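One structure below.
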Amino acid sequence: MSEEPVFVRSKWGTSRYVYNYKNPVGRVLIVLPLLIAVGVLIGQRAESTWSEGELRDAVSKGVADLEGRRHFTSLDDDHGPLITEAIRETGIGPRYGVDARKEESGQYTVSTKDTETEYCVRVTLTLDTRPDPLFPQAENPPPSSTDMPAFYLSTATSTEGPCP
């Protein structure tokens, strides 16, 4: 073991003690926090970006979770938020950064800024004929137009690649 002390008085005009770089334990105490900080920053970066595998798993689980789910929406609404919410609720990958763009075909291209892969998701809504959960005795007539909200059951499918 070195004869040098682990702590020495600072030579910068203060009476504070600092780590002594001439002692092996002092050197470890100087370098170790820097290595820990670098490890934490690398871990934070890995947790805040999407990988190809995370996106694939999140899209497939999110689409499976949409199967048979009940939504209060209209047929004319943008259903991209339904898709992104289902992907977010899977718990796979970061909780943000998923984009679901509506295409002219009515399908949604799901992507992230961190990945190159895109997925085409098609959501089909069918009118739910079960009674309203808040007012079970009330009639639940079908909406008179496609822009009127009602309860719908969703089914979804996905394929790899952008939507046509």
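What you see is a predicted model, and the numbers here were worked out from it, not measured in a lab.
Counting only residues at least two apart or in different chains, ring pair (Phe, Tyr, Trp, His ring centres under 6.0 Å) contacts with residues 65-104 comprise F72-F151. Counting only residues at least two apart or on different chains, the ring pair (Phe, Tyr, Trp, His ring centres under 6.0 Å) pairs with a member in residues 14-43 are F7-Y19.
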Before you tell me yes or no, could you show the steps for E89 and R69 under salt bridge (Lys or Arg N to Asp or Glu O under 4.0 Å), namely the whole-Å CA-CA distance, both residues' side-chain angles and the distance that decides it to 0.1 Å?
CA-CA 13 Å; E89 287 177 354; R69 189 182 282 183; 3.3 Å; yes

Between S154 and E67, does the side-chain contact (heavy atoms from CB on, under 4.5 Å) criterion hold? Intermediate values first, please.
CA-CA 6 Å; S154 63; E67 193 68 31; over 6 Å; no

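In terms of modelled atom types and a separation under 3.5 Å, the side chain of N23 and the main chain of E4 share a donor-acceptor contact. Judged by distance alone, with hydrogens and angles left aside, the side-chain atoms of R16 form no donor-acceptor pair with the main-chain N or O of S10 at under 3.5 Å.
In this structure, OH on Y108 lies 10.0 Å from SG on C163, to the nearest 0.5 angstrom. In this structure, T112 OG1 and D99 CG are separated by 9.0 Å, a value rounded to the nearest 0.5 Å. Here the straight-line distance linking atom CG of L55 with atom OG1 of T115 works out to 4.5 Å at 0.5 Å rounding. Note that CD of E54 is 10.0 Å distant from CZ of R56, once rounded to the nearest 0.5 Å. With rounding to the nearest 0.5 angstrom, the CG atom of L75 is 9.5 Å from the OG atom of S145. Annotation: the span from K102 atom NZ to I83 atom CD1 amounts to 10.0 Å, rounded to 0.5 Å.
Looking only at side-chain heavy atoms (C-beta outward), V8 and P5 come within less than 4.5 Å of each other. For the pair L66/T155, no side-chain contact is recorded, criterion being any heavy-atom separation below 4.5 Å from C-beta on. Annotation: side chain of P149 is not in contact with side chain of T73 (no heavy-atom distance under 4.5 Å). You'll find the side chain of E116 stays beyond 4.5 Å of the side chain of S111, heavy atoms only.
Comment: D65 engages K61 in a salt bridge, judged by a side-chain N to carboxylate O separation of less than 4.0 angstrom. Under a 4.0 Å N-O distance rule, the pair E3/K22 does not qualify as a salt bridge.
Residues A58 and I87 share a closest heavy-atom pair of CB-CG2, 3.8 Å. A pairwise comparison of heavy atoms in D57 and S60 identifies O-OG, 3.0 Å as the closest pair. Closest approach of L29 and V6 over heavy atoms only: CD1-CG1, 4.0 Å. Residues P164 and Q107 approach most closely at CD-OE1, 3.5 Å, considering heavy atoms. For the pair V110 and A100, the tightest heavy-atom approach, listed with the atom from each and the gap, is CG2-CB, 4.2 Å.
Hydrophobic clustering, with ILVMFWY side chains joined whenever heavy atoms are under 4.5 angstrom apart, groups L125 together with V121. Taking hydrophobic clusters as Ile, Leu, Val, Met, Phe, Trp and Tyr residues chained together by side-chain heavy-atom distances below 4.5 Å, L127 shares a cluster with V123. A continuous path of Ile, Leu, Val, Met, Phe, Trp and Tyr side chains, each step under 4.5 Å between heavy atoms, connects W50 with V59, placing both in one hydrophobic cluster. There is a path of hydrophobic side-chain contacts, each under 4.5 Å, that joins V40 to L32.
A donor-acceptor pair shorter than 3.5 Å can be found between the side chains of T109 and E103. Checking E52 against T117 by side-chain atom types alone, a donor-acceptor pair falls below 3.5 Å. Checking D76 against T146 by side-chain atom types alone, a donor-acceptor pair falls below 3.5 Å.
Environment of CZ in R122: sparse, with no more than 12 heavy atoms of neighbouring residues, nucleotides or ligands closer than 6.0 Å.
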